[in-house]
Amino acid sequence: MSVGSVRLDIRSDVEDLAGFAGQPPNRLFVAVHRPRTLPATATLVVCPPILSDLAVHYRREVLLGRALAALGVAVTRFQYRGTGNSHGDPAETTFETLVEDAHVATAIALELGPRDGLAYLGTRVGALVAAAASRPVGAPLILWEPVTDGASYWREAFRARLIRSVSESGGGHPPVRDAAGQLAAAGWIDLLGYRVTRRLHDSLRDRALAAELGPRPGPVLRLDKRESRGRWWFNPEPSVEEISPAAELISAWLSSVGAP
Amino acid sequence: VSAAGERVDDELAFIGSRGAELFGVLARPRGVPGDTVVLLLPGAAEAASFGRNQVRARLARRLAELGCHAMRIDYAGSGESTGSPPAPRLDEASLEPLVDDVQAVTTWLRQRGLRRVVLMGSCLGSRVALTCVGRVAGLAGLILVTAPVYDYVYGRMPATGGPRGRFADLLGRAAADRLPVLLVYGRTDRFGADFEMARGAELGPVLQAAGELITTRVVEHAVYDFPNVPGQEQVVDAVADWLSFRLPAMRSTPGAR
């Protein structure tokens, strides 16, 4: 990893490193949060969600990374090729490249954090990625609002697209219904402002969490949000009250399950 | 500094401002010297500066390929930055802290030889950019995408129109300072409809007096919050075209304001 910027938080004794890793043209944005003076007790690789979920969960993952580092866990976050601050052609993205990118991040995590105590956290589709990436070593796995299978993920996503299409049409235009047909015909569709290719769709469609975990998975912790009424759909600044308990729960759980 | 693309390097930075550290990405054209930079300011509801479907990251790299540096920043409390997020309000008092942030970033850019600054803002970011006129050194132009004409309180917008605020005055001040301005609206956006309404009223004299200094592009697709891919591409093309046309004149201007 070529480190581009470093920030120190003296108060929480946390160091943030931001840089790029991997081979051109697929240079991945990577951020590492780690304790500054005390040795880290575990290394957590965070596999983010994709498409609209990335925006919804991004800030929480940043804050969670910093909070976990303050509790002694070295956290490595990254963004898949062609997403976020990373480089690369999004048209090349498949489920397999998502997992490849998780392996690049794992190498950075092990380079900059303790080599013992590797674990993964995956959010939404990232849970499928984290399960696949963790399988070779049976690493502990934290699943945050996981997508349990690709087919139902796409079904929900296409439904959201249809709902927006209906609400925007206002009766003026016919709503966009046939997402699968458009994917087949054009090779991509516009999914709420994101370009989804047939390659990505097809590679993710048949993936299921149970299969990605394999027959002998490591310890698994699943976290789902409590339904909260009256909140704005997108919360750009999750409060400390939301982040701190999650960080403490994860830190304690990692301590209890130990190294793979 | 991390080499990222074939013709563009991305430099990452944490820049101190108002007790927070703002995360920024500077796209540098490889091997091309220059003193002009476009500073990209997101809208209020965006998770980070790269934007939906990387629209702003793509734009920054496109501008760097044209030979112009491009910097994008995460507001305090968003993306990789620290601190608390800005209030999504358009009144001057609410925008002033964000003007302070722009000053901190432009100071950092000047230290790297980038002294001519074109501010490009989307929605809230466009009003921040306008509020920077006369307050931020080195301004060379403005690019305003879906700039709200009326002073809404976010989340409590009327169906159309709204309280008349400072937009016309700010735009007039930019023209008086001889700053070239690009306005981009989506034909189907409510902000586009508001702009058309104001163009027939209080904005008309301002646009007429500014003449060729102010360029207006109304694109076919919705672009507020970049809700679709064609609209994103139309904005990227419109900004790149305008800057390609304006850049030589900006560079030949002896002193940036």
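Below, read A as the first sequence line, B as the second, and so on, with proteins coming before strands; counting in each chain starts at 1. Scope of the values below: all heavy atoms of this structure, side chains included, with no hydrogens, waters or symmetry mates. As the structure is a computational prediction, the values presented were derived from the model and not from experiment.
- For chain B, no part of A:E61 is nearby; none of its heavy atoms comes within less than 4.5 Å.
- A distance of 6.0 Å or more separates the ring centres of A:F78 and A:F20.
- Contact annotation for A:Y58: only side-chain heavy atoms (C-beta onward) come within less than 4.5 Å of a heavy atom of chain B.
- Contact annotation for B:T188: neither backbone nor side-chain heavy atoms come within less than 4.5 Å of a heavy atom of chain A.
- In this structure, the portions of B:V229 lying under 4.5 Å from any heavy atom of chain A include both its backbone and its side chain.
- With salt bridges taken as basic N to acidic carboxylate O contacts below 4.0 Å, none links B:D100 and B:R18.
- Ion pairing of A:E145 with A:R60 is absent here, as no side-chain N (NZ or NE/NH1/NH2) approaches a carboxylate O to less than 4.0 Å.
- When each of B:S81, B:G231, B:P230 is scored by its heavy-atom pairs under 4.5 Å with chain A, the top score falls to B:S81.
- Taking 4.0 Å as the cut-off between side-chain N and carboxylate O, A:R66 and A:D16 count as a salt-bridged pair.
- Between the side chain of A:R124 and the backbone N or O of A:D53, no donor-acceptor pair lies under 3.5 Å.
- Looking at B:R72, the atoms closer than 4.5 Å to chain A (heavy atoms on both sides) all sit in the side chain, from C-beta outward.
- For B:R56, no part sits under 4.5 Å from any heavy atom of chain A, backbone or side chain.
- A salt bridge does not link B:R28 to B:D10: none of the charged nitrogens lies less than 4.0 Å from a carboxylate oxygen.
- Contacts of B:E21 with chain A are made by side-chain atoms alone, with heavy-atom separations under 4.5 Å and no backbone atom involved.
- When each of A:N85, A:L191, A:V62 is scored by its heavy-atom pairs under 4.5 Å with chain B, the top score falls to A:N85.
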